[in-house]
Structures are given as C-alpha cells and as structure tokens.
Amino acid sequence: MNLLLDTHLLLWAAGQPDRLPPPVRDLLLDSGNQPVFSSASLWEITIKRRLERPDFNVDPRRLWRMLLANGYRELPVTSEHAIAVHDLPMLHKDPFDRILVAQARTEAMVLLTADATVAAYGEGVQQV
C-alpha cells in the first residue's frame with residue numbers, strides 16, 4: 001500500500017520518530033507498504049521555515065535527501081492534483097493539506113494524518 005504522510009507525520013518520521021503514533025510506526029515498518037512524501041510538503045516546510053516557525057525548523061534539502069535515501073518515494077504535484085482540489089469541500093482552509101488530500105485520492109493512496117479536520121475528508125484519508 002502507498003502511504004502518503006502529511007507534513008507533520010513526515011517531520012516526525014524523519015526527526016522525532018518517538019512522536020509517531022504506534023500504528024504509523026507499524027505501517028512504516030511493514031515491508032508491504034511504500035512510504036511516500038509530497039513535494040507540497042517540502043514546499044510547506046520551506047515556506048514555514050522561512051517564516052521562522054519553530055515546528056518547521058528543518059533543512060528541507062537535507063530532509064529531501066534523507067527521505068529518498070531511506071526508501072521514501074517522492075510524489076510531485078501535477079496539474080491533475082491541483083484541479084482535483086476543486087472537487088473537495090471546504091472542510092480545511094490550509095492549501096497544503098487540501099493538495100495532499102487531492103493527491104491521495106487521485107493516486108489511490110492513503111493519506112496518513114493526525115489532523116482530525118483533514119481526516120474529515122474521509123475517502124483516501126486515515127487519521128492515526
């Protein structure tokens with residue numbers, strides 16, 4: 001199964017794995033699953049780091065290299081993903097979360113999130 005991690009879970013997996021909920025750790029350790037990160041998450045990290053948000057204090061270049069080296073697959077944002085955002089109800093105003101939901105649905109992946117508002121999208125999203 002392809003598992004798309006939302007940005008916070010991605011940051012925790014990379015730098016603070018003890019913060020990951022045990023079900024996420026189990027899913028990531030299962031060799032039958034492919035962890036995936038979105039280029040949108042790296043974009044979000046880059047923007048929020050520049051805004052000096054303390055929860056985004058990570059070098060995005062280093063994170064990108066580390067994720068690839070550890071078997072994560074990168075999912076670029078495509079026009080199809082961007083257009084799919086149009087079909088989402090306005091449950092969440094964060095454009096980064098909305099594109100992740102659209103990507104998960106378009107690519108038939110499971111978006112893992114700890115955010116209850118993102119999880120409210122249902123299809124393609126699993127709250128952990």
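For reference, positions follow the sequence shown, starting with 1. All values derive from a computational prediction rather than experimental measurement.
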List the atom pairs, donor and acceptor, that lie under 3.5 Å between side-chain atoms in residues 10-22 and the rest of the protein, sequence neighbours left out.
none

> If you look at every heavy atom in Val77 and Ser39, which pair is closest and at what distance?
Replying inline: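 What the structure gives for the nearest pair is N-OG, 3.2 Å.
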>> Could you report the tightest heavy-atom contact between Ala104 and Gly124, atom names first, then the distance?
In response: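 Of all heavy-atom pairs spanning Ala104 and Gly124, the closest is CB-O, 3.7 Å.
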Contact check, side chains of [X] and [Y], non-hydrogen atoms, under 4.5 Å:
X	Y	answer
Ile45	Leu42	yes
Leu3	Val36	no
Phe37	Leu75	no
Arg50	Thr46	no

> Taking only residues two or more places apart in sequence or in another chain, which ones pass side chain to side chain donor-acceptor pair (under 3.5 Å) with Asn33?
Replying inline: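 Not a single residue meets the side chain to side chain donor-acceptor pair (under 3.5 Å) criterion with Asn33.
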>> Filter on ring-ring contact (aromatic ring centres under 6.0 Å, His included), then keep only pairs touching residues 69-92, sequence neighbours left out; what's left?
In response: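 Sorted result for residues 69-92: empty, none.
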[X] with [Y], same ILVMFWY side-chain cluster at under 4.5 Å:
X	Y	answer
Leu27	Leu5	yes
Leu28	Met109	no
Met66	Leu68	yes

> Which residue pairs satisfy the side chain to side chain donor-acceptor pair (under 3.5 Å) criterion with at least one member in residues 1-11, sequence neighbours excluded?
Replying inline: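 Non-adjacent pairs meeting side chain to side chain donor-acceptor pair (under 3.5 Å): Asp6-Thr113, Thr7-Ser41, Thr7-Glu44.
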> If you look only at pairs with a residue in residues 116-128, which of them pass as a side chain to side chain donor-acceptor pair (under 3.5 Å), with sequence neighbours excluded?
Replying inline: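 Matches after skipping sequence neighbours: Arg98-Tyr121.
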>> Suppose we screen for salt bridge (charged side-chain N to carboxylate O under 4.0 Å, His left out). Which residues come up paired with Arg25, at least two apart in sequence or across chains?
In response: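 In terms of salt bridge (charged side-chain N to carboxylate O under 4.0 Å, His left out), with neighbours along the sequence ignored, Arg25 is linked to no residue.
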> Listed by chain and number, what are the salt bridge (charged side-chain N to carboxylate O under 4.0 Å, His left out) partners of Asp94, not counting sequence neighbours?
Replying inline: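 Scan of Asp94 (salt bridge (charged side-chain N to carboxylate O under 4.0 Å, His left out), adjacent residues dropped) gives Lys48.
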> For Asp26, which residues count as a side-chain contact (heavy atoms from CB on, under 4.5 Å) partner, sequence neighbours excluded?
Replying inline: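 Residues passing side-chain contact (heavy atoms from CB on, under 4.5 Å) with Asp26: none at all.
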> Out of curiosity, Arg105 CZ to Leu111 CG, how far, rounded to the nearest 0.5 Å?
Replying inline: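 Spacing of CZ (Arg105) from CG (Leu111) equals 10.0 Å.
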> side chain to side chain contact (heavy atoms under 4.5 Å, CB included) with Val101: which of Thr106, Leu91, Val125?
Replying inline: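 The passing option is Val125.
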>> Checking one residue: Leu51. Which other hydrophobic residues are in its cluster under the side-chain 4.5 Å linking rule?
In response: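 Cluster partners of Leu51: Trp43, Ile47, Phe96.
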> Do the side chain of Gln34 and the main chain of Leu4 share a donor and acceptor less than 3.5 angstrom apart?
Replying inline: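 No, because the side chain of Gln34 does not come within donor-acceptor range (under 3.5 Å) of the backbone of Leu4.
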> Has the side chain of Arg49 got a donor or acceptor atom that lies under 3.5 Å from a matching backbone atom of Val58?
Replying inline: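 Yes.
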> Quick one: salt bridge (Lys or Arg N to Asp or Glu O under 4.0 Å) pairs with a partner in residues 58-85, sequence neighbours left out?
Replying inline: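 Sorted pair list comes back empty.
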